[in-house]
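To start, the structure under review is shown below, and the notes come after it.
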Amino acid sequence: MSEKPKRSESRRFDDTVAHNARVWNYWLGGKDNYPADRKVGDHVFGVFPSIVDVARADRAFLGRAVRYLTGEAGIRQFLDIGTGLPTVENTHEVAQRLAPESRIVYVDNDPLVLVHARALLGSTPEGTTDYIDADAREAGAIVEAAAKTLDFGEPVAIMLLGLLNFVPDNDEAGAMVRRLLAAVPSGSYLAITHPTLELGGEANAAAMRFWNANATPPITTRSGEEVAGFFDGLELLDPGLVSCALWRPDLADIGRDPVPVAQFGAVARKP
């Protein structure tokens, strides 16, 4: 029997407790957040001002990765899990700008993301976007539902940006990644970003301790070695696992050398 996605329609979001999707939206300059989110976001910013740079660098990584995957690797299918609240330059917007026929499936289980899912469902006439309300750990259910939109006989790019840090157990996180990769053929890709203390210092550690005591869901950081383990058996693209701000930066766009942030990023190909 296959897993069944949980339905967010039956859950109400609690706007009195800060939630990652809404705080992240706040740091990116969005309006889909509440006083509790802004209070926690401001405190974290006060302890670790670079958190805003992390949020922006993670979003910029998404754009560069999708542009590479669409424009150079020829990928036309994306499975974006843990997409969060819609902002600007969402996966479908970047991909369909280059290849209008691209198909994108978003996955999240935050009730507020579901409310705003219609913003993720815009598509070119040639392409398709869909939204699945499911827990990221329900890999079997996600693949089954995504197969209504994506052809798993053709390469798929799996996007896990800022997601695995919400799966605290290393074995469970690794098993989730392996189940997803098992569903896609050779020539598919995996993109991951993940927070770390190796690039952020004590201020980052203090900010995360505050977050875990005052917001949801709790965050788990990982070392570079641990994050690299998610790519076992895959072919890492240059420059490998680096701060996401340093992954193929567009120097002409930013006009200066990129500044590292406390977030790993990498893209790899399934051989």
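All values derive from a computational prediction rather than experimental measurement.
- A side-chain contact (heavy atoms from CB on, under 4.5 Å) with Val40 holds for exactly one of Asp37, Asp42, Val44; it is Val44.
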Report task. For Leu181 and Val177, run side-chain contact (heavy atoms from CB on, under 4.5 Å): C-alpha distance rounded to whole Å, both residues' side-chain angles, the deciding distance at 0.1 Å, then the answer. Result -> CA-CA 6 Å; Leu181 286 169; Val177 173; 3.8 Å; yes
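- The shortest distance between side-chain heavy atoms of Phe264 and Glu198 falls below 4.5 Å.
- Panel note: side chain Gln96, backbone Thr124; a donor-acceptor pair is recorded below 3.5 Å.
- Considering CG of Asp133 and CD of Glu138, their distance stands at 9.0 Å, rounded to 0.5 Å.
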Requested in this report: Go through the steps to decide whether Phe45 and Tyr26 satisfy the test side-chain contact (heavy atoms from CB on, under 4.5 Å), and finish with yes or no.
Outcome: CA-CA 11 Å; Phe45 176 78; Tyr26 175 52; over 6 Å; no
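- Checking side-chain atoms of Arg248 against main-chain N and O of Phe61 turns up no donor-acceptor pair under 3.5 Å.
- Using bins of under 30°, 30° to 60° and over 60° for the plane-to-plane angle, the ring pair Trp27/Trp211 lands in the tilted bin.
- Rounding to the nearest 0.5 Å places CZ of Arg76 at 10.5 Å from CG of Leu69.
- Residue Leu85 comes nearest to Asp32 through the heavy atom pair CD1-O, 3.5 Å, listed as atom of the first residue, atom of the second, then distance.
- Without hydrogens or angle criteria, Thr83 side chain to Val107 main chain gives no donor-acceptor distance under 3.5 Å.
- When atom types are taken as modelled, the side chain of Gln77 and the backbone of Pro155 share a donor-acceptor pair closer than 3.5 angstrom.
- Side-chain contact check for Pro195 versus Asn165: some heavy-atom pair is nearer than 4.5 Å.
- The same ILVMFWY cluster, assembled from side-chain heavy atoms under 4.5 Å apart, contains both Phe78 and Leu121.
- In this structure, the side chains of Met159 and Ile81 stay at 4.5 Å or more apart for every pair of heavy atoms.
- Here CD1 of Ile132 is found 11.0 Å from CG of Asp80. Values are rounded to the nearest 0.5 Å.
- Leu236 and Ile158 fall within a single hydrophobic cluster, where Ile, Leu, Val, Met, Phe, Trp and Tyr side chains are chained together by heavy-atom contacts under 4.5 Å.
- A side-chain donor-acceptor contact under 3.5 Å links Asn204 to the backbone of Thr196.
- Transitive grouping of hydrophobic side chains (ILVMFWY, heavy atoms separated by less than 4.5 Å) brings Leu28 and Phe166 into a common cluster.
- Contact of the Ile75 side chain with the Thr70 side chain is not registered, since no non-hydrogen atoms from C-beta on lie closer than 4.5 Å.
- Closest approach of Pro260 and Leu246 over heavy atoms only: CG-CD1, 4.0 Å.
- Side chains of Leu164 and Met176 form a contact here, defined as non-hydrogen atoms less than 4.5 Å apart.
- Panel note: side chain Arg222, backbone Val227; no donor-acceptor pair is recorded below 3.5 Å.
- Across all non-hydrogen atoms, the minimal contact from Met208 to Thr221 is SD-CG2, 2.7 Å.
- We find the CG-CD distance between Leu197 and Glu202 to be 8.5 Å, quoted to the nearest 0.5 Å.
- For Tyr106 and His92, the ring centers sit closer than 6.0 Å to each other.
- Both Val66 and Val242 are part of a single hydrophobic cluster, where members link through side-chain heavy atoms under 4.5 Å apart.
- Rounded to the nearest 0.5 Å, atoms CD1 (Ile192) and CG (Leu241) are 9.0 Å apart.
- Between the side chain of Asn212 and the backbone N or O of Pro218 there is no donor-acceptor pair closer than 3.5 Å.
- Looking only at side-chain heavy atoms (C-beta outward), Val261 and Cys244 come within less than 4.5 Å of each other.
- For the pair Ser50 (side chain) and Asp53 (backbone), a donor-acceptor distance under 3.5 Å is absent.
- Results of the side-chain hydrogen bond (donor to acceptor under 3.5 Å, both in side chains) test with Asn33 over Arg22, Arg38, His19 single out Arg38 as the only residue that passes.
- Side-chain contact between Glu89 and Arg97 is present, with at least one heavy-atom pair separated by less than 4.5 Å.
- Across every non-hydrogen atom of Thr220 and His194, the tightest pair is O-CE1, 3.3 Å.
- A 4.5 Å side-chain heavy-atom check between Leu160 and Phe230 finds every atom pair outside the cut-off.
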Query raised in the report: Would Asp151 and Arg103 satisfy side-chain contact (heavy atoms from CB on, under 4.5 Å), going step by step from the backbone distance to the final call?
Result: CA-CA 9 Å; Asp151 178 0; Arg103 289 175 282 176; 4.1 Å; yes
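- Atom CZ of residue Arg56 and atom CD of residue Gln263 lie 15.0 Å apart, to the nearest 0.5 angstrom.
- Considering every non-hydrogen atom in both Phe48 and Ala262, the closest pair reads CZ-CB, 4.2 Å.
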Query - Derivation of the side-chain contact (heavy atoms from CB on, under 4.5 Å) call for Val54 and Arg59 - result: CA-CA 9 Å; Val54 171; Arg59 197 68 187 180; over 6 Å; no
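- Both Val184 and Leu163 belong to a common hydrophobic cluster when Ile, Leu, Val, Met, Phe, Trp and Tyr are linked at side-chain heavy-atom distances under 4.5 angstrom.
- Shortest non-hydrogen contact noted between Leu234 and Ala268 is CB-CB, 3.7 Å.
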